[in-house]
Novice: 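This is the structure I have questions about; it appears just below.
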Amino acid sequence: MLAFQEFQHQMAAHLRDPHHTRRPPGVPKRRMGVYNELLFNNVCGFLDSCFPVSRQLLGDARWRRLCRTFYRDWPSHTPWFREIPRELVRYLSEHHIAQPLPVWLADLARYEWAELAVDVMDVTPPPHDPQGDMMLSSVCLNPARVDVVSPWPVHRIGPDWQPRQAEPTFLVVFRDAQLDVQFAEINAVTAHVLSLLDQGLSGQQAFAQLATDMKHPDPQALQGFGQQLLISLREQGVLLGTRT
Amino acid sequence: MVHTTFNPAGLGFRRELIPALQQAVPPEIGFFEIAPENWAGMGGRSAHTLRAFTERYPFVCHGLSLSLGGPGALDETLLRRTRDFMRTHGITLFTEHLSWCADDSHLYDLLPIPMTEEAVRYTAERIARAQDILGMQIGVENASTYIAPPGAEMTEPEFVRAVVERADCLLHLDVNNIYVNSRNFGFDPHAYLAQLPLERTCYVHVAGHCVEEDGLVIDTHGSDVIDPVWQLLQAAYQRIGRPVPTCLERDFNIPDLPTLVQEVAHIAHLQHQAFGAQAVAQWGAQAHSVNRQVA
């Protein structure tokens, strides 16, 4: 370490945890306070705007405390400001957090983040035929998409209602052709079909596999149901057509 | 509608302003500035909107996350993505702060570098590496600071000069930052200005700030530009002696576009006063053609 970097490490440590670390030597309290406030407020600005529901449900004091321990304990390596919220989602799901938090908070935060992530996701749809027969050819999924799978109905959580019991929930957050973000609630079977299609299967192959997985008594009936499902998902914008 | 000439007077491009700018871009605005950290690597509506503007107007990239003087490794991925982003949008100028913002991970704001000989060598080396990756000289900005890191071996203008000369980079001059620091540390901003390597100036910032109850000046970019800062800009133009693109930064308490544009128009007015209409127009036509060729 170079000599001048010792100061930088001391300052960084103090910025992350001003209540439990010493100010760097020679730095007046008032001036250090400016930096403590500027940096933490900057990070909070990105978090507050991405997670309005989580923030409201925790209340300002608990939310701010969460933001503080995130800034203190979670090393964010991304230089992109829009990815700071993704780092909070990772912190909530991967880090041991001492503060008591609702059991569904990590999933709610991921759902709130998905809207931002899908809005700015830098993906272009692969070549596809919107009119192609999705039962016969490999199906093209909308790549501007985040699948939210949660034991909690995160999309219904709000100030007036919070879940007491788990209820397996499958949501697709995606960007439509007009570049608007859309939300679709699907069921476990549809979620399974999407994961099969994501592997490059055609509709027929996916529903044959589904029949096997479900031990379905009438695989042929499943194929008829499947065609309708695929068309409906294409109309919504979750599927784009067939790969070409 | 294509801009054929433009003043080297610009405005920070902010999402809040986009609806008004989509109606019409006031002719006073000669270019826009964006932070690659806020726009690069994005798809969707943001990317479409930005593209519609970069196809018609010159843009400048002003970085925030590079941490030129920071103890962490230089983020070469960020540099390469910034380079690609600039190519995509035909942007030919990149500037960053003479500061640091990360150790092994990001702190997300700009912090002062201890002004030592060792820090000069270290920072200049990283700037040179950044210039290699970007394939161009970059501008490095004198930063606003609230503390003077202990152990300084030189004054701030000496530090700035030593770094830019050693790195062989350009100077991004921020006159508001000089003013803020002069108030917070008690020095003469005009004397400071005179010591900077102004012959290397490629770009200028002007902005407003706020004054706290105890007199401490905070570089908020949230108020109108005050007269002493305009006077510093005039003094800088006199010393530089040629038109340089100058951007108004406004990040908080953003007024409506016509109000903001008055300050951009004032930049253009000072440029005409200092350099004459002909020199300014020549500069604008040349810069515009460079920008269009790249695009």
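In what follows, chains carry the letters A, B, and so on, assigned in the order in which the sequence lines appear, proteins first and then strands, with residues in each chain numbered from 1.
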Novice: Could you check which of B/Gly151, B/Gly69, B/Ala47, B/Ser65 has the highest count of heavy-atom pairs closer than 4.5 Å to chain A?
Specialist: B/Ser65

Novice: With a 4.5 angstrom heavy-atom cut-off, which part of A/Ala12 approaches chain B: side chain, backbone, both or neither?
Specialist: both

Novice: Given a strict heavy-atom distance threshold of 4.5 Å, which part of A/Gln8 is in contact with chain B: side chain, backbone, both, or neither?
Specialist: both

Novice: Please flag which part of A/Pro24 lies under 4.5 Å from any non-hydrogen atom of chain B: side chain, backbone, both or neither.
Specialist: neither

Novice: When you check the side-chain N and O atoms of B/His221 and B/Asp219, is any donor under 3.5 Å from an acceptor?
Specialist: yes

Novice: Given heavy-atom pairs under 4.5 angstrom as the criterion, report whether the side chain, backbone, both or neither of A/Phe40 touches chain B.
Specialist: neither

Novice: For the residue pair B/Ser46 / A/Arg82, report whether a side-chain donor-acceptor contact shorter than 3.5 Å exists.
Specialist: no

Novice: Got a sec: does the CD of A/Glu6 have more than 12 other heavy atoms crowding it under 6.0 Å?
Specialist: no

Novice: Could you tell me which portion of A/Leu38 (side chain, backbone, both or neither) has an atom closer than 4.5 angstrom to a non-hydrogen atom of chain B?
Specialist: both

Novice: Between B/Arg250 and B/Asp224, does at least one N-O distance fall below 4.0 Å, as a salt bridge requires?
Specialist: yes

Novice: Using salt bridge (charged side-chain N to carboxylate O under 4.0 Å, His left out) as the criterion, point out the one residue from A/Asp180, A/Asp119, A/Asp176 that pairs with B/Arg45.
Specialist: A/Asp180

Novice: Given that the side chain runs from C-beta out, which part of A/Thr78 has a heavy atom under 4.5 Å from chain B: side chain, backbone, both or neither?
Specialist: both

Novice: Only pairs of heavy atoms separated by less than 4.5 Å count here; which of B/Ile218, B/Asp214, B/Leu66 has the most with chain A?
Specialist: B/Asp214

Novice: Is the charged tip of A/Arg31 near the ring of B/Phe185: under 6.0 Å from the six-membered ring centre and within 45° of its axis?
Specialist: yes

Novice: So what's closer than 4.5 Å to chain B heavy atoms on A/Tyr35: side chain, backbone, both or neither?
Specialist: side chain

Novice: Which atom names give the shortest non-hydrogen contact between B/His62 and B/Glu96, and what distance separates them?
Specialist: ND1-N, 4.5 Å

